[in-house]
J.: 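My structure is below; once you've seen it, I'll send some questions.
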Number of protein chains: 4
Amino acid sequence: MTRVVPDYKEIARSNILQASIKVFSKKGFHGATMNEIAKEVGVSKGTLYTYFKSKEDILNEIWVLSSQNILDLKNTYKGRDFIEVLEELYAMMVESTGLQLSFEVILISQQNEKIKKINQKSYKSKLESLKIFIQDQQDNGSVRKDLDADLLAQILTGLYTDVAAQLLIGLDNEEVHEKWIKSVKAILKQ
Amino acid sequence: MTRVVPDYKEIARSNILQASIKVFSKKGFHGATMNEIAKEVGVSKGTLYTYFKSKEDILNEIWVLSSQNILDLKNTYKGRDFIEVLEELYAMMVESTGLQLSFEVILISQQNEKIKKINQKSYKSKLESLKIFIQDQQDNGSVRKDLDADLLAQILTGLYTDVAAQLLIGLDNEEVHEKWIKSVKAILKQ
Amino acid sequence: MTRVVPDYKEIARSNILQASIKVFSKKGFHGATMNEIAKEVGVSKGTLYTYFKSKEDILNEIWVLSSQNILDLKNTYKGRDFIEVLEELYAMMVESTGLQLSFEVILISQQNEKIKKINQKSYKSKLESLKIFIQDQQDNGSVRKDLDADLLAQILTGLYTDVAAQLLIGLDNEEVHEKWIKSVKAILKQ
Amino acid sequence: MTRVVPDYKEIARSNILQASIKVFSKKGFHGATMNEIAKEVGVSKGTLYTYFKSKEDILNEIWVLSSQNILDLKNTYKGRDFIEVLEELYAMMVESTGLQLSFEVILISQQNEKIKKINQKSYKSKLESLKIFIQDQQDNGSVRKDLDADLLAQILTGLYTDVAAQLLIGLDNEEVHEKWIKSVKAILKQ
DNA sequence: AATGAATGAGAGTTCATTCAT
DNA sequence: CATGAATGAACTCTCATTCAT
């Protein structure tokens, strides 16, 4: 890490966060060690504590940032085909190295009030974003108007959560996807 | 542990498993210690290792047994109102002290092939059981026949998984239930 | 440590306490490490935590025990020559490996309420014990009755504390003793 | 630190020492961190090492300086009432934020030869200063001439040391002072 | 078979000190 | 000369597992 760069500190923090995401994703939060993270960053263990006050602090920060990056579906996917967008979201989830972490954080929220609040806020934000997108699609005529946008968002979210669970327990990717797309279409068709 | 009882070995194993379920449910697998389990059984730490070769081994066994106890919905709830049965399953999940554990085990399955296999098998069994129950209900005329039982089972399972997630992150019980029942009815009504 | 001995656990605790006193006395509380203590006992680090929940817990126990061993001067030294007894107490202090520890504990009491309470209680007990002994000596005619026993005890205690300080900063033993005895005699003679 | 001032090097050193005294007094030597000292000086941690080669070096210097500032009681308090002066010294000690540090340094002297020498020198200087003051008071007739100035100084020093100890272990300020003044008067009256 | 004391590897964390900038 | 990011050794403490009894 050269210190010539302006905003060096922000970059260093970011490097640590990136490395931590990587290690957390591979080993889980509890399985990961500060040693591994340090090694991943290419830095000594002590340095981590220059930027974060604890392992949990790193996780908190990761989660805060991730909660701020919730997609504004309506604007991001404006005018796109609905199913196509859902497929894209599906792909993003599958590729996400953080699938495991996102489940672990649900557990951690039992003992970490900050994480809990973030999880709640994120869950609601995602739901809301999806709902607004659906309403937009309904206005465009891409989605039937007799379906309640709220409930549709909720049901689709359920499918996403369950897909994540299925993938994590190692069910066959293709099968999972196939059943998911069938379910989605069944819900929308009716 | 008295040795008068025949098969006391099996009983001892069973006692340990029951106690472990209790402790795992309360503290999670990682949060639980062998000390706590031993205390819960009323036995020494060393004894646990007479019956199980490791903490993970205990979890494996618990999970094997739980996978063998998947409800045969069709026969258990024969002739009952469909929504009523779904409500009952919902209640069982909410009351389940093992909500946390069931999520934790998904994570553990990443590094434990045995658990992974069990999870896969259980997931499929539950889905199948639900599907068969739905088909039965369709034969009874309680559920519309134009809905695909397979997909319906998949969608409902998704809702259950997501409800579990919502409860774990601490969303309001009543709200979660209300949105769930609305979603279920919306799916079935169509 | 053989486990055949009855009261084995008490002996083990005692061994750890003895070793800790030794190490604390040599290195001070902060300077001492659990590693050293373990090595001194001839046991692994983890074992220390079987018997005490923390390093501070060990110190607390040492201090509790030491506070319970305050000499009942009146009965212990009944009928003995006053100066001779004071000399003996002086000798005990000098030989005490805990001289350094007793000073360190004064500092630790700033952040350890339990130690603070013990220190206060011990200080008062010692003073009281000395006072009662003095009164006894006055009844025997070994000490002038016109001296207030309370104040005499206080003054002598001050001399002891200061002697400890002088010895700790490395002043010459003989000189310190000589000045101390002169002071004591001056106080009593008058 | 501006370099315009001539001798700014000496000023810088002095600033660091002042800040260190403040921090050491509040947290003790071991409790204080270089970070805190640096912050107190308003300078970076690294700068401390430009002026002092270690944390201990700072303490050494502080102690050297303090040993050079021992009150010349005879001239400072010339002609004042003896008890009044003793009271003033008492007040200075009580108000001294360095009460804790002065005890801690006694312990540090066990492993720091330089500090040890300073402590010895300081102890003797204070004693000598007190003795000379007493002799002066005896010449003025304020203190009885049949009391040996040397021993009186020693006894009074003992009382001061013990008062410090009593205050550090948290005994009640008023009580400590009351018993101290009674002891002093008892010694002088005779 | 049952015990629980002992183990020991390894965890997160702290901080005086160093040194590239 | 000043900086403060980086270091790394050392710390206390945890706990699944072992094994002498």
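Keep in mind that this is a model prediction, so the values were computed, not measured. In what follows, chains carry the letters A, B, and so on, assigned in the order in which the sequence lines appear, proteins first and then strands, with residues in each chain numbered from 1.
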J.: Leu48(C) has an atom CG; how far is it from atom P of dT14(F), in whole Å?
T.: 12 Å
J.: By nearest atom, which of the nucleotides dA5(E), dC13(F), dA1(E) is closest to the Thr50(B) side chain?
T.: dA1(E)
J.: So which heavy atom on Val23(D) is nearest to which on Glu36(D), and how close?
T.: CG1-CB, 4.0 Å
J.: Between dG4(F), dA2(F), dC13(F), which one does the side chain of Tyr51(D) approach most closely?
T.: dA2(F)
J.: Between the side-chain atoms of Lys45(D) and the base atoms of dT3(F), is any donor-acceptor pair under 3.5 Å?
T.: no
J.: Can you tell me the pairing partner of dT21(E) across any strand shown, Watson-Crick or G-U wobble, with both distances under 3.5 angstrom?
T.: dA2(F)
J.: Lys55(D) has an atom NZ; how far is it from atom P of dA16(E), in whole Å?
T.: 4 Å
J.: Using OP1 and OP2 only, check whether a side-chain N or O of Ser44(C) sits under 4.0 Å from dT7(E).
T.: yes
J.: Counting only Watson-Crick pairs (N1-N3 plus N6-O4 or O6-N4) and G-U wobbles (N1-O2, O6-N3), all under 3.5 Å, who is the partner of dA16(F)?
T.: dT7(E)
J.: Tell me which of Ala32(B) and His30(C) sits closer to the 5' end of DNA chain F, going by the nucleotide each one is nearest to.
T.: His30(C)
J.: Would you mind reading off the distance between Lys9(C) atom NZ and dG4(E) atom P, rounded to a whole angstrom?
T.: 9 Å
J.: Starting from the 5' end of DNA chain E, give me the residue, Gly46(B) or Phe29(A), whose nearest nucleotide shows up first.
T.: Gly46(B)
J.: If the test is side-chain contact (heavy atoms from CB on, under 4.5 Å), which one of Ile37(A), Val41(A), Leu48(A) qualifies with Ser20(A)?
T.: Ile37(A)
J.: Find the distance Ile16(A):CD1 to dA5(F):P and express it as a whole number of Å.
T.: 11 Å
J.: Rounding to an integer number of Å, can you tell me how far Tyr8(C) OH sits from dT3(E) C1'?
T.: 13 Å
J.: Look at Ser54(B) and dA16(F) and indicate whether a side-chain polar atom (N or O) is within less than 4.0 Å of OP1 or OP2.
T.: no
J.: Ala38(C) near the nucleic acid: base, sugar-phosphate alone, or nothing, with a heavy-atom cut-off under 4.0 Å?
T.: nothing
J.: Assuming nearest nucleotide by heavy-atom distance, tell me which of Gly31(D) and Glu36(A) is located more 5' along DNA chain E.
T.: Glu36(A)
J.: Measure from the side chain of Met34(C), starting at C-beta and using heavy atoms only, and say which of dA5(E), dT17(E), dT12(F) lies closest.
T.: dT12(F)
J.: Whole angstroms only, please: what is the CG-C1' distance between Asn35(A) and dA10(F)?
T.: 14 Å
J.: Which atom pair, heavy atoms only, marks the closest approach of Ile118(D) to Asn60(D)?
T.: CD1-O, 4.0 Å
J.: Which whole-number value in Å describes the distance from Lys53(C) NZ to dT12(F) P?
T.: 16 Å
J.: Tell me the partner of dA1(E), counting only Watson-Crick (N1-N3 plus N6-O4 or O6-N4) or G-U wobble (N1-O2 and O6-N3) with both under 3.5 Å; none if nothing fits.
T.: none
J.: Side chain of Thr33(B): nearest nucleotide among dA11(E), dT12(F), dC15(F)?
T.: dC15(F)
J.: Over all heavy atoms of both residues, which pair between Ile106(D) and Ser102(D) is shortest? Give the atoms and the distance, please.
T.: CG1-O, 3.4 Å
J.: Round to the nearest Å and state the distance from Asp57(A) atom CG to dG12(E) atom P.
T.: 14 Å
J.: Phosphate oxygens OP1/OP2 of dT17(F): is one of them under 4.0 Å from a side-chain N or O of Tyr49(B)?
T.: yes
J.: Which class fits the ring pair Phe103(C) and Phe103(D): parallel under 30°, tilted 30 to 60°, perpendicular over 60°?
T.: parallel
J.: Checking Ser44(C) against Thr47(C): is there a side-chain donor and acceptor pair closer than 3.5 Å?
T.: yes
